[in-house]
Q: 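First the structure, which I've put down as structure tokens, then a few questions once you've had a look.
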Amino acid sequence: MKISINKYSKAILASLSLMAVVSCSDPWDDHAESSDDNLKQNLGERLTSISETSEFGKLLTETGYDRVLANTKTYTVWAPTNEAMASVPANELVNLNSKKRFVSNHIALTAFGSVSNQDTVTVKMLSTKNLEFIGGEVMDGASVVTADQYTSNGVYHIVSDALVPRSNIWEYIKSMNGSNAMSSYLLSLNEFNIYQSDSTAKAMAETMPGVYSDSLTNSYLKNVYNLNNENNKYTFFLLEDDAFNTEVQKLEPYLTKSNADSTTTYASYFTTRDFAFHKSISQENLPDTLVSRFGVKVPINKDNIIQQVPLSNGVLYMVGAMDVPLETRLLTKQIEGENPSGFSQGDKRGNTYYREKEDLYGVMFNDIMVQNHGEPLFSIYYGASNLYSTTYKVYWRAINDIQSNTFQQRLRFGGMFNELGEVVDPIATLDYTDVPPNIYDEIYIGEFTLEEAGDLDLISLIAANSGSNGVNTLTLDYIKLVPVIK
């Protein structure tokens, strides 16, 4: 008979480590009082001896899992009927490794019985896949035919369909290598490092592969989402070649690097990073816009979805078009004044104030003020990452609320330190701008152009060329860099 999910998905405490889904009666506790002859056999012996699951039993013996199910640990097995085994695709059982993968996807450590007061239970199988028991069915619709069959070291349920292990999103992407341009690019990031820190991470993964390899061997998995992780759920949009190439080409003018190949590599990365989203979202629940973890608003047109692929850690959509406007892609960069990377002079802590204040509208803000430091051209240093190769309009909010006089400050972008500690060869130095008392507005102060995309490690907020108190004050709530669309 078939049972409801509320009975089927109950996780019964067989050890202290089992999740507690407690009901009024625990059949695993009651099994010891039973005279059932099944209790004289372990799971391995029982499942290889009953006729209804004999085909699955043969696989247990062939793969050695009959011996696993003979040890003293407690297991649960969802054993497919012989009819279910006859429907398993041949490629799922093509060799010993695939057979082991298949069998292990039907076995969980510890006991899960059929008593439940939850509608959904997630179970970690020996295959490392997580299976969900939802609405009376096991993941892909496999119903329980016979439930709660106890043995000396666990419980088994007979199910109407085999639990064929699904690929996860990353495994699916790997399977598309060579036939899909976006998949091939993503896999190329096993070798190419997007950021300098990626090479260090990959070296660490090589020394401790069991710990780090899942997340650090590929720059996309490290910096965006680890789509190889079975413990989280994701939604991923995989573009067909024409759609992928169109999106990359849109970004190439804004990700100019030293050569054309690098430009395409970085444009591809900034394209693909916004097509992965945390949590699995079914097609009927897709909104018209999703926001990537990088803040990019991605319009979703369901009419462009060619295929929905359910996977073990989420869902992948194959799409024929994904038009993300440049106005959405090219995000404003905001640099917070209270987070400097350094200062031009020595210890000025006694003159430096990290402030938490309230503006004229009662909104709290944090900023920095350096006052009465006595140094001409005193500078506060900042940095900005992932800037585009385009012109930036520059705004700041700089609040002078403790001096009655107006002072001036300016911004310098880029440059390097010479042997004297002076900044030389800047990209641009903007004019001095007045900072009058009690102005809380955001002010436009100029623009500069980056010819090559990347990080800007040195942005200098420079005081007046004076040592006089009240004249060389510096203050900054934030700087905004607004990219201009060409």
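Computation of the quantities below employed the complete heavy-atom set of this structure, encompassing side-chain atoms and omitting hydrogens, waters and symmetry-equivalent molecules. Everything numeric in this text was worked out from a predicted model, so none of it was measured.
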Q: Within this structure, what is the CG-CG distance for the pair L186 and L238, rounded to the nearest 0.5 Å?
A: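 Taking CG in L186 and CG in L238, the distance rounds to 7.5 Å.
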Q: Yes or no on side-chain contact (heavy atoms from CB on, under 4.5 Å) for N304 and M322, after CA distance, side-chain angles and deciding distance?
A: CA-CA 8 Å; N304 293 330; M322 185 70 85; over 6 Å; no
Q: Please round to the nearest 0.5 Å and tell me the distance separating atom CD1 of I427 and atom OG1 of T449.
A: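 Going from CD1 on I427 over to OG1 on T449, the span is 9.5 Å.
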Q: So, K250 and D323, do they make that salt bridge, N to O below 4.0 Å?
A: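 Salt bridge flag = yes for D323 with K250.
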Q: Taking N285 for its side chain and I281 for its backbone only, find out whether a donor-acceptor pair lies under 3.5 Å.
A: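 The answer is no, because no donor-acceptor pair under 3.5 Å joins these two groups.
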Q: Closest heavy-atom contact between L109 and F112?
A: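 Closest pair (atom of L109, atom of F112, distance): O-CE1, 3.8 Å.
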Q: Looking at Y317 and Q283, would you say the former's side chain and the latter's main chain have a donor-acceptor pair under 3.5 Å?
A: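 Side chain of Y317 to backbone of Q283: a pair is present.
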Q: Are side-chain heavy atoms of Y266 and L251 found at a separation under 4.5 Å?
A: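 In short, these two side chains do not touch, never coming nearer than 4.5 Å.
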Q: Counting only heavy atoms not in K302 (residues, nucleotides, ligands), do more than 12 fall under 6.0 Å from its NZ?
A: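 Enclosed.
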Q: Any side-chain donor paired with an acceptor under 3.5 Å for N95 and S98?
A: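 The answer is yes; a qualifying pair exists.
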Q: Report yes if some heavy atom in the side chain of R67 is under 4.5 Å from a heavy atom in the side chain of T61; otherwise report no.
A: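 No - every pair of side-chain heavy atoms lies 4.5 Å or more apart.
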Q: Is the ring centre of H157 less than 6.0 Å from the ring centre of W78?
A: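 Here the rings of W78 and H157 have centres that are less than 6.0 Å from each other.
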Q: Closer than 3.5 angstrom, by distance alone: can the side chain of K58 be matched with the main-chain N or O of T53 as a donor-acceptor pair?
A: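 Checking the backbone N and O of T53 against the side chain of K58, no donor-acceptor pair under 3.5 Å is found.
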Q: Restricting to non-hydrogen atoms, name the atom on K486 and the atom on S389 that form the minimum distance, rounded to 0.1 Å.
A: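 Residues K486 and S389, closest heavy atoms: NZ-O, 2.9 Å.
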Q: Distance check, rounded to the nearest 0.5 Å: D288 atom CG versus I300 atom CD1?
A: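 Those atoms lie 9.0 Å apart.
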Q: I'd like to know if the side chain of N105 reaches the main chain of L163, judged simply by a donor and an acceptor atom lying under 3.5 Å from each other, with no hydrogens or angles considered.
A: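 Side chain of N105 to backbone of L163, a donor-acceptor pair under 3.5 Å: yes, one is there.
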Q: Tell me whether K99 at atom NZ has more than 12 heavy atoms from other residues, nucleotides or ligands lying less than 6.0 Å away.
A: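 More than 12 heavy atoms, drawn from other residues, nucleotides or ligands, come within 6.0 Å of this atom.
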Q: So N232 and Y225, do their side chains get closer than 4.5 Å, heavy atoms only?
A: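 Answer no - side chains too far apart.
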Q: Check step by step if side-chain contact (heavy atoms from CB on, under 4.5 Å) holds for T272 and F244.
A: CA-CA 9 Å; T272 57; F244 176 62; 3.5 Å; yes
Q: Any donor-acceptor pair under 3.5 Å linking the side chain of T235 with the backbone of K279?
A: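 Yes, T235 side chain to K279 backbone: donor-acceptor pair under 3.5 Å.
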Q: Between the side chain of S160 and the main-chain N/O of V145, is any donor-acceptor distance below 3.5 Å?
A: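 No.
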Q: Any sub-3.5 Å donor-acceptor pair from E45's side-chain atoms to N42's backbone N or O?
A: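 Pair found, side chain donor or acceptor close to backbone of N42.
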Q: Can you tell me how far the CG atom of L39 sits from the CG atom of N153, to the nearest 0.5 Å?
A: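 Result: 10.5 Å between the selected atoms.
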Q: Do R101 and E92 have side chains that approach each other closer than 4.5 Å (heavy atoms only, starting at C-beta)?
A: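 Of all side-chain heavy-atom pairs linking E92 with R101, at least one is under 4.5 Å.
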Q: Testing the basics here: between P483 and L330, what is the closest heavy-atom pair and its distance to 0.1 Å?
A: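 That would be CG-O, 3.4 Å.
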Q: State, without any angle test, whether S184 and N177 hold a side-chain donor-acceptor pair at a distance under 3.5 Å.
A: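 Yes - a donor-acceptor pair under 3.5 Å links their side chains.
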Q: When you compare the side chain of N130 with that of K124, does any pair of heavy atoms fall below 4.5 Å?
A: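 K124 vs N130: side chains touch.
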Q: Any chance CG of D242 has more than 12 other-residue heavy atoms, nucleotides or ligands included, within less than 6.0 Å?
A: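 No, the 6.0 Å shell around CG holds no more than 12 heavy atoms from other groups.
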Q: Could you measure the distance from the OG atom of S280 to the CG atom of L311? Nearest 0.5 Å is fine.
A: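 Going from OG on S280 over to CG on L311, the span is 9.0 Å.
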Q: Testing the basics here: between I459 and A384, what is the closest heavy-atom pair and its distance to 0.1 Å?
A: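 Smallest interatomic distance, heavy atoms only, reads CD1-CB, 4.0 Å.
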Q: Does one side chain, of K222 or S197, offer a donor that lies under 3.5 Å from an acceptor on the other?
A: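 There is such a pair between these side chains.
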Q: Drop me the distance from T151's OG1 to L43's CG, to the nearest 0.5 angstrom.
A: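 Result: 3.5 Å between the selected atoms.
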Q: Do Y395 and T332 come within less than 4.5 Å of each other through their side chains, counting heavy atoms only?
A: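 The answer is no, as the side chains (C-beta and beyond) never meet within the 4.5 Å cut-off.
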Q: Could you check N180 against D241 for side-chain contact (heavy atoms from CB on, under 4.5 Å), going step by step and ending with a plain yes or no?
A: CA-CA 6 Å; N180 174 270; D241 290 359; 3.9 Å; yes
Q: Are any non-hydrogen side-chain atoms of Y65 and S104 less than 4.5 angstrom apart?
A: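 SC-SC contact between Y65 and S104 confirmed.
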Q: With side-chain contact (heavy atoms from CB on, under 4.5 Å) as the test, would you mind laying out the steps for Y269 and L255 before giving the verdict?
A: CA-CA 10 Å; Y269 174 76; L255 286 155; over 6 Å; no
Q: At their closest point, which heavy atom of G320 faces which heavy atom of E240, and how far apart are they?
A: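 Result for this residue pair: CA-OE1, 4.0 Å.
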Q: Does R329 make a cation-pi contact with Y388, if we ask for NZ or CZ under 6.0 Å from the ring centre and within 45° of the axis?
A: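 No, R329 does not lie over the aromatic ring of Y388.
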Q: Closer than 3.5 angstrom, by distance alone: can the side chain of T76 be matched with the main-chain N or O of Y156 as a donor-acceptor pair?
A: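 No: the side chain of T76 does not pair with the backbone of Y156.
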Q: Where is the tightest heavy-atom contact between N223 and F294, given as atom of each residue plus distance?
A: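 Nearest heavy atoms, N223 then F294: O-CZ, 3.6 Å.
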Q: Has D66 got a side-chain atom pairing as donor or acceptor with G57's backbone, closer than 3.5 angstrom?
A: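 No, D66 side chain to G57 backbone: no donor-acceptor pair under 3.5 Å.
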Q: In this structure, are over 12 heavy atoms from other groups packed under 6.0 Å from K73 atom NZ?
A: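 No, not enclosed.
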Q: Just by distance, with hydrogens left out, do Y478 and E442 show a side-chain donor and acceptor under 3.5 Å apart?
A: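 Indeed, the side chains of Y478 and E442 share at least one donor-acceptor pair under 3.5 Å.
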Q: Report yes or no: do N386 and Y195 form a side-chain donor-acceptor pair below 3.5 Å?
A: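 There is such a pair between these side chains.
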Q: Determine whether I485 and Y254 make a side-chain contact, defined as any pair of heavy atoms from C-beta on separated by less than 4.5 Å.
A: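 They are in contact (side-chain heavy atoms under 4.5 Å apart), so the answer is yes.
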Q: In this structure, which one of N168, N229, V315 forms a side chain to side chain contact (heavy atoms under 4.5 Å, CB included) with Y234?
A: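 Answer after filtering N168, N229, V315: N229.
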Q: Are the side chain of K129 and the backbone of R166 linked by a donor-acceptor contact shorter than 3.5 Å?
A: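 Checking the backbone N and O of R166 against the side chain of K129, a donor-acceptor pair under 3.5 Å is found.
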Q: Is the charged tip of R46 near the ring of F56: under 6.0 Å from the six-membered ring centre and within 45° of its axis?
A: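 Negative - R46 is either too far from the ring of F56 or too far off its axis.
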